[in-house]
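Handing you a structure now.
Numbered from 1 within each chain, the chains take letters A, B, ... in sequence-line order.
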There are 2 protein chains.
Amino acid sequence: MVNDGGAREAKGPLYQRLVKVIRDQIEGGDFGDNQALPSERDLAVQHAVSRETVRKALRLLEEAGDIYIDHGRGTFAAPSSVRRMRRFLGSFSDDTRHRGDQPGQNILALEVVPASFAVAGALNIEPGRRLTRLKRLRLVNGKPIGVQDAYIDIPGELTFTRKQIEEVGSLYTLLIEHFGMVPAEALESVTVCLASAEDAELLNVAEGSPLLLMERVTISDRHVPVEYCVMKYVKEYTYKARITGKPSGNV
Amino acid sequence: MVNDGGAREAKGPLYQRLVKVIRDQIEGGDFGDNQALPSERDLAVQHAVSRETVRKALRLLEEAGDIYIDHGRGTFAAPSSVRRMRRFLGSFSDDTRHRGDQPGQNILALEVVPASFAVAGALNIEPGRRLTRLKRLRLVNGKPIGVQDAYIDIPGELTFTRKQIEEVGSLYTLLIEHFGMVPAEALESVTVCLASAEDAELLNVAEGSPLLLMERVTISDRHVPVEYCVMKYVKEYTYKARITGKPSGNV
DNA sequence: GAGTGGTCTAGACCACTCA
DNA sequence: GAGTGGTCTAGACCACTCC
């Protein structure tokens, strides 16, 4: 691996460093929209790595949407317009921060409850198992935008305090640092519902007004469902997603 | 590649055939929940391929959620409960068919229109460019469930007829087969809106009732935005998604 | 036919987990 | 330390695009 800027930090696998180098080149404008990158064999020589290592890096760049690869034609920088659109995408939760607003939260409930049939079904555990329930009002710039009701399966019946959450600010940070539960994947669904009397009061909207109803099952890096969460968001909220692969069939 | 069932079809790359073999084994119950698969080196010997080929297959199986791989520990069959949940996921559009219902459509408009500023912005083209507009009422079991308003940038100002759509049934099939436009990726956003008078009449709901409002920009395999589509769905509809990667930050 | 990406190999060494 | 997955190599051949 040569040509990576000389005195740069040389940490991590070669292909990851190569990803960074090439991405910087693209974002720095070295390659315009749809401009061809050097061939894989040339890149291998330029960066003094094997062709398979180059291919590994290019695969990651393609998955991230930075480049596209056409069999028999070459490898090209993705158009900046598409790159720009993609930059606004992320998980529903990620999405919050893209607004540049100040997030906040009020903890409405923190308790240990037995799993209902519904929650137990979602988490694939036996009903009645003791779960930690965390219900929060989410704020943006002090204004309520959603209610989150999370049921967390903490191993060993451990639990945490309201103070801990308020200090750390993030539920996931707490789960990772204090309980070693690393979220690895989430299954989400989104639909519409009407505000109940309680929703209406919490979110400061009229009873019966439409809300975005979202469910999430979070799966840990130990490959088990660890959290079931129901969220209701005011209609100013938007969910964004990137769907890869061919949209199939009768759309 | 040996042990692939003897007289099976031997088409396609080795690693893809290996994916199929291992997936069949898992779905056939050869490996229970979280049961370890043979090591990569063993799998390579068993199937008479190189270890890199095995790794390529395992990577695909992991991305599909069939297995999980833990560094230093081994490779394991994903729990069937998680596999089952994932099976219900797909793009918003895919999702329709999982219900086992009969889809249908009424074409409300098929015309050539100049791109508005908004549509031009979404497709990254100049305003005023002539686009094909296709507005359809989507049905499930004869009942209206949504309105889709699509703006398609067909190269060379070609267009298609109402009859063609009705014959083919699928807009994407038509785009692929008649215009060589292969959808490769989609960027979607979902939020809530209220039914306009027109929406209400089309969808047979009260004016002002909540709808799921969805936007989509489809990007072709030529890596340019080719379709902008606004969809409004009745509240019985649900959007499902799988979010991979660590949910980040202040969720 | 020349050039591109796609697949595949055999072998080496590193990083991690677990006993 | 033994076994696992993670990285990397040099070289071969195939499939595709374009001239």
Side-chain angles (χ1 to χ4, degrees), chain A residues 1-4 9-22 31 34-64 66-78 180 182 184 220-223, chain B residues 1-4 9-22 31 34-64 66-78 180 182 184 220-223:
Chain A
M1 182 75 167
V2 144
N3 285 359
D4 60 352
E9 82 288 18
K11 293 169 218 161
L14 288 181
Y15 70 90
Q16 282 179 18
R17 283 188 269 158
L18 191 50
V19 163
K20 198 172 182 325
V21 170
I22 296 175
F31 301 102
N34 302 304
Q35 188 180 329
L37 272 63
S39 75
E40 295 177 351
R41 289 166 179 85
D42 286 350
L43 285 171
V45 172
Q46 285 176 28
H47 296 94
V49 296
S50 75
R51 189 179 155 214
E52 279 295 345
T53 299
V54 169
R55 283 180 59 73
K56 214 166 194 168
L58 293 181
R59 179 170 57 77
L60 290 178
L61 286 163
E62 182 174 42
E63 282 170 6
D66 292 303
I67 63 170
Y68 59 92
I69 303 173
D70 283 358
H71 190 179
R73 296 207 325 124
T75 303
F76 306 87
V182 182
S220 78
D221 65 339
R222 310 309 280 174
H223 318 289
Chain B
M1 184 74 167
V2 144
N3 286 357
D4 60 351
E9 81 289 17
K11 292 170 219 160
L14 289 181
Y15 70 90
Q16 281 179 18
R17 282 188 271 159
L18 191 49
V19 163
K20 197 170 183 324
V21 171
I22 296 176
F31 301 102
N34 302 304
Q35 188 180 328
L37 271 64
S39 75
E40 295 177 350
R41 290 166 178 86
D42 285 351
L43 284 171
V45 173
Q46 285 176 29
H47 297 94
V49 298
S50 76
R51 191 178 152 213
E52 280 295 344
T53 300
V54 170
R55 283 180 58 73
K56 214 166 192 169
L58 293 181
R59 179 171 56 77
L60 291 178
L61 285 164
E62 182 174 42
E63 283 169 6
D66 291 304
I67 63 171
Y68 60 92
I69 303 174
D70 283 358
H71 189 177
R73 295 207 326 125
T75 303
F76 306 87
V182 181
S220 78
D221 65 339
R222 309 312 277 174
H223 317 289

Side-chain contact check for A:Tyr15: nearest option of D:dC18, C:dT9, D:dC8 is D:dC8

Rounded to the nearest 0.5 Å, the CZ atom of A:Arg41 sits from the OG atom of A:Ser50 at a distance of 12.5 Å

Taking a pair to mean Watson-Crick or G-U wobble geometry with both distances below 3.5 Å, C:dC16 pairs with D:dG3

Judged by nearest nucleotide, the residue sitting upstream toward the 5' end of DNA chain D, A:Ser50 or B:Leu37, is B:Leu37

- Ignoring hydrogens and geometry, is there a side-chain-to-backbone donor-acceptor pair from A:Gln35 to A:Phe76 under 3.5 Å? no

Would you say C:dC8 has OP1 or OP2 under 4.0 Å from some side-chain N or O of B:Lys56? no

Comparing nearest nucleotides in DNA chain D, the 5'-proximal residue of the pair B:Ser39, B:Glu52 is B:Ser39

Closest of D:dG6, C:dG6, D:dC8 to the A:Arg51 side chain is C:dG6

Quiz item: Are B:Arg59 and B:Glu63 ion-paired here, with the side-chain N under 4.0 Å from a carboxylate O?
Solution: yes

Does D:dG6 have OP1 or OP2 under 4.0 Å away from a side-chain N or O of B:Arg55? yes

Between CG of A:Leu43 and P of C:dG5 the distance, given in whole Å, is 8 Å

Taken to the nearest whole Å, CD/A:Glu40 to C1'/D:dT9 is 15 Å

In this structure, CG of A:Leu60 is separated from OH of A:Tyr15 (nearest 0.5 Å) by 6.5 Å

Under a 3.5 Å limit on both distances, the Watson-Crick or wobble mate of D:dC8 is C:dG11

(request) Tell me whether the OP1 or OP2 atom of D:dT9 has a side-chain N or O from A:Thr53 closer than 4.0 Å. (result) yes

Just to confirm, is there a sub-4.0 Å distance from OP1 or OP2 of C:dC18 to any side-chain nitrogen or oxygen of B:Arg73? yes

